[in-house]
4 protein chains.
Amino acid sequence: MSSTKRTLKWERRPEARPQELLDAALRVFATRGYRNTRLEEVAAEAGVTKGALYHYFENKEELLLRAIQHYQARAFGRMEEAMRGERGPASARLRRMVESAFSGNDDARRDVLLLLNGLAHAVPEVYREWLATGPMKAWRLIAAIIEDGKKSGEFRADADSEVAARLLVSGLVTQLVWQYHAGDVPGIRIGHRRLIQSAIDLCLAGLQPAAST
Amino acid sequence: MSSTKRTLKWERRPEARPQELLDAALRVFATRGYRNTRLEEVAAEAGVTKGALYHYFENKEELLLRAIQHYQARAFGRMEEAMRGERGPASARLRRMVESAFSGNDDARRDVLLLLNGLAHAVPEVYREWLATGPMKAWRLIAAIIEDGKKSGEFRADADSEVAARLLVSGLVTQLVWQYHAGDVPGIRIGHRRLIQSAIDLCLAGLQPAAST
Amino acid sequence: MSSTKRTLKWERRPEARPQELLDAALRVFATRGYRNTRLEEVAAEAGVTKGALYHYFENKEELLLRAIQHYQARAFGRMEEAMRGERGPASARLRRMVESAFSGNDDARRDVLLLLNGLAHAVPEVYREWLATGPMKAWRLIAAIIEDGKKSGEFRADADSEVAARLLVSGLVTQLVWQYHAGDVPGIRIGHRRLIQSAIDLCLAGLQPAAST
Amino acid sequence: MSSTKRTLKWERRPEARPQELLDAALRVFATRGYRNTRLEEVAAEAGVTKGALYHYFENKEELLLRAIQHYQARAFGRMEEAMRGERGPASARLRRMVESAFSGNDDARRDVLLLLNGLAHAVPEVYREWLATGPMKAWRLIAAIIEDGKKSGEFRADADSEVAARLLVSGLVTQLVWQYHAGDVPGIRIGHRRLIQSAIDLCLAGLQPAAST
DNA sequence: AATGAATGAGGCTTCATTCAT
DNA sequence: CATGAATGAAGCCTCATTCAT
């Protein structure tokens, strides 16, 4: 009797339920911010009710953490795939790397970045984990490429690869967030493509071996 | 004895009270985040009680807004003073500008930046005003300097001054925030001076006229 | 034992919960006044806690509005039923109408009237809606009966039916409130039945066609 | 020195200060309601500051009480003066009495009545005192006149003078309040003069000795 | 597993009242 | 007397979390 009921429900809801919840959660969190989001909203977005969330997650914080991990995994998966087997000159690899890292110019992407930026006080652990597995990982990869270029003579030996990589990553991430989410501040917008390309160009130009001599 | 206690309270009631409240508020907001801060904490930090805040400010949000404006005014005051009468070559002016903008390497500075970064969802108006009067203003000044340099032949004519300025400002702001507040993520720290100088160097190198010819 | 306690709580959770809350709310509001009533008291009266109220009502004001509407609906329901199919002479209909309108001589009735009288400044919208759906509706019905009587020659043709109806309704409503709630002012009490009957008698006498000629 | 300052202030503020405060208080209380009124508003209306009120009155409640007593004294003063030496037939005296009691058709009058109506829960003592010294006093005077008329044969011997007087007073008071303060409820307005006159007419007609015989 | 009513701690805001000046 | 900054109790409302069904 009760099993009949249950089965009916389950027909339209396979075991992917947790994933669906995570997706819904990230969507709402990213749109409205962590503190602004009521669990009820997440539930509604996922088509369930509040209580259901507690079957899968301890509490709001864990839901956020898992949602972000889920997102990061996919994002980095894409980037790693794009970099697979890259072998050319350092400048080309750097360009490709940055391009693939910032290719996804969708709203969701920027919403997530804004969300994460606001997490430092609300959920410091999540903030730190994101930094470690996101931006830092990215700039280390880039720094390594620059180091390669320095060794091969393609780049100036005295270049500060660490700072260059950091500037590129933090600058671009932040520009994406700012220009998009403060969209109606006059003059803040700039073309996505231009931003990425000019930034890479500037960086590569700055890494060139000294002009004279 | 009891008169001593009483006197203590009344000794600290100068005409500068609003300023004191703003300072205290910014201190607490920056340390704990806007949402995490109870007005009672702000009051305690200022040595008054909750209700006193409402003599000077409509509500929590206005308190935040005013505290930030107060802070911004001082910060930009310092920068403008530093830039007063600067006339040298563009590269020198750019360097001085960035140095003065990021000179304040104190904790308070970075706490405030982190606070602001988390305001997008909590208090969008404040977030936007900050962007418009802070970072944007800064990168516009820098972009203007670069344009000067392009006109005088000091910089490459095809350089994207807009993007260079943005990258420098957003990159440095974000690095300050990240490296400091995620301080125990291993490997995220970098010397403040090195960060600033290397960033400027990279940027200036990237703006040099083409090497060959 | 502990299970008993628990059960007690859960036994009273029928689908009629909103109604229960409305009843409890009206009871407390009417007893203590709108401003004097803490939502916690309403909740306690209903056997729930503060928060539960917010499942059903937006805020204190809506709770009041709904409680009053709920009450008015019942009150007018009773009156309409009493008037169903009345066809006799105007004087009889008027008498029956007023009697049925003021039959409920219970405390609750008078408490509610007092409550409503104090709402003009606190919640003007509710006050106005009550006026429009309560007293005004009542005196319009009465005025219509008097007009009937005038047409049939039962009442003086020059009688001011509008004012008569208003005087009757407002006078009686107010007397109920005053005499009851200022009960210990010496000499303010008067028998309910006598008040109603004498008022009707006076009114009907005043509506009689002129004596002489 | 300090006496100089004091004198300056006193030049424009004679000893009538308490009266001014009472007037200002009644004005604000009547306009906004007792609970809605902040002492600061009263002070502003009187051109002083909050603290000053506490030099003359214990607290908010006493301020209200005194303001109302002050008002009542004047109102009844006027009425008694109007009734001085009235000697004609009962019907004429009744008419004159009611007319003089309700002559003041000003806004202030109605505001005060509304204020008082809402005081039952907020400040029961004031409410009761008002009832005793206002409406009750009025209807007793009127009942006495009617009794005179009964004795002289001008009115029906079986008339209920008590109820007639009450109905007249409460009905008119309430109509003034309702029609004015619910002014935008369509159809609630009626001419002041017509209301008073028709009410008196109806009452007198109802008091006539029986028509036939 | 899912529901959703209920809980209750937490925080913002109001304002009568006090009191040093 | 007058000021007005400061107090602090009170009350509304929110929402993460629980739990009987």
Side-chain angles (χ1 to χ4, degrees), chain A residues 2-3 5-7 9-10 13 17 35-43 47-61 63, chain B residues 3 6-7 9-13 15 17-18 35-41 43 46-61 63, chain C residues 3 6-7 9-13 15 17-18 35-41 43 46-61 63, chain D residues 2-3 5-7 9-10 13 17 35-43 47-61 63:
Chain A
S2 84
S3 90
K5 252 184 182 170
R6 219 180 273 154
T7 311
K9 277 186 178 176
W10 280 106
R13 279 166 190 172
R17 174 59 56 93
R35 297 297 268 264
N36 279 339
T37 299
R38 281 173 302 156
L39 250 14
E40 217 160 15
E41 296 175 296
V42 173
V48 299
T49 55
K50 249 186 318 181
L53 297 175
Y54 283 86
H55 283 287
Y56 299 98
F57 309 99
E58 281 286 304
N59 51 36
K60 192 181 180 184
E61 191 171 325
L63 176 59
Chain B
S3 93
R6 225 179 270 151
T7 310
K9 266 189 182 176
W10 293 113
E11 274 177 358
R12 25 161 134 169
R13 202 201 286 157
E15 292 321 310
R17 180 51 58 96
R35 298 297 272 263
N36 280 336
T37 300
R38 277 172 299 143
L39 250 12
E40 224 162 5
E41 295 175 300
V48 298
T49 56
K50 247 180 329 175
L53 297 175
Y54 286 87
H55 276 281
Y56 301 97
F57 310 99
E58 285 282 306
N59 50 37
K60 191 181 179 183
E61 191 171 326
L63 177 59
Chain C
S3 91
R6 225 179 267 153
T7 311
K9 266 189 181 177
W10 292 113
E11 275 176 357
R12 28 158 132 172
R13 202 199 287 155
E15 292 321 311
R17 179 50 58 98
R35 298 297 270 265
N36 280 337
T37 301
R38 277 172 302 145
L39 250 11
E40 225 161 5
E41 295 176 299
V48 298
T49 54
K50 245 181 331 177
L53 297 174
Y54 287 87
H55 278 280
Y56 302 97
F57 310 100
E58 286 280 309
N59 50 38
K60 193 181 179 182
E61 190 171 326
L63 177 59
Chain D
S2 84
S3 92
K5 250 184 183 171
R6 220 180 273 154
T7 310
K9 275 186 181 176
W10 281 107
R13 280 168 190 168
R17 174 58 59 92
R35 297 298 266 266
N36 279 340
T37 299
R38 280 173 302 155
L39 249 15
E40 217 161 14
E41 296 174 297
V42 172
V48 300
T49 56
K50 246 184 321 179
L53 297 175
Y54 283 86
H55 282 288
Y56 299 97
F57 310 98
E58 280 287 305
N59 50 36
K60 191 181 178 182
E61 192 171 323
L63 176 59

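So that the names make sense, note that chain A is the first sequence line, chain B the second, and so on, each numbered from 1. Here the structure is a predicted model, which is why all the values come from computation and not from measurement.
Put simply, CZ on C:Phe57 is 15 Å from P on F:dT14, counting in whole angstrom units. The distance between atom NE2 of C:His55 and atom P of F:dC12, rounded to the nearest whole Å, is 18 Å. As rounded to whole Å, 17 Å separates atom P of F:dT14 from atom OH of C:Tyr56. B:Asn59 has its CG atom 16 Å from the C1' atom of F:dC13, to the nearest Å. What separates CG of B:Leu53 from P of E:dT13 is a distance of 10 Å, to the nearest Å. Atom-to-atom, CG of A:Leu63 to P of F:dC15 comes out at 16 Å; the value is rounded to the nearest Å. In this structure, B:Glu41 atom CD and E:dC12 atom C1' are separated by 13 Å, rounded to whole Å.
Here the nucleotide nearest the side chain of D:Thr49, chosen from F:dT3, E:dG4, E:dA2, is F:dT3. Which of F:dA6, F:dT17, E:dA16 sits closest to the side chain of D:Tyr54 comes down to E:dA16.
A pairwise comparison of heavy atoms in B:Tyr54 and B:Asn59 identifies CE2-CA, 4.0 Å as the closest pair. Closest approach of C:Phe57 to C:Pro18, counting heavy atoms only: CZ-O, 4.2 Å.
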Dot-bracket for DNA chain E, 5' to 3', counting Watson-Crick or G-U wobble pairs under 3.5 Å, with [ ] for crossing pairs and | for inter-strand pairs? .||||||||||||||||||||

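Partners of B:Glu40 under the side chain to side chain contact (heavy atoms under 4.5 Å, CB included) rule, at least two apart in sequence or in another chain, are B:Arg38, B:Lys50. Not counting sequence neighbours, the partners of D:Ala43 by the side chain to side chain contact (heavy atoms under 4.5 Å, CB included) test are D:Val48, D:Leu53. A search for side-chain hydrogen bond (donor to acceptor under 3.5 Å, both in side chains) contacts involving B:Asn36 returns A:Arg35, not counting sequence neighbours.
For the atom pair CG of C:Leu39 and OG1 of C:Thr49, the computed distance is 11.0 Å after rounding to the nearest 0.5 Å.
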Give me, pair by pair, the N or O atoms of the protein and of nucleotides 9-11 of chain F that are less than 3.5 Å apart, along with how far apart they are.
from   : atom 1 : to      : atom 2 : distance (Å)
F:dG11 : OP2    : C:Arg38 : NE     : 3.4

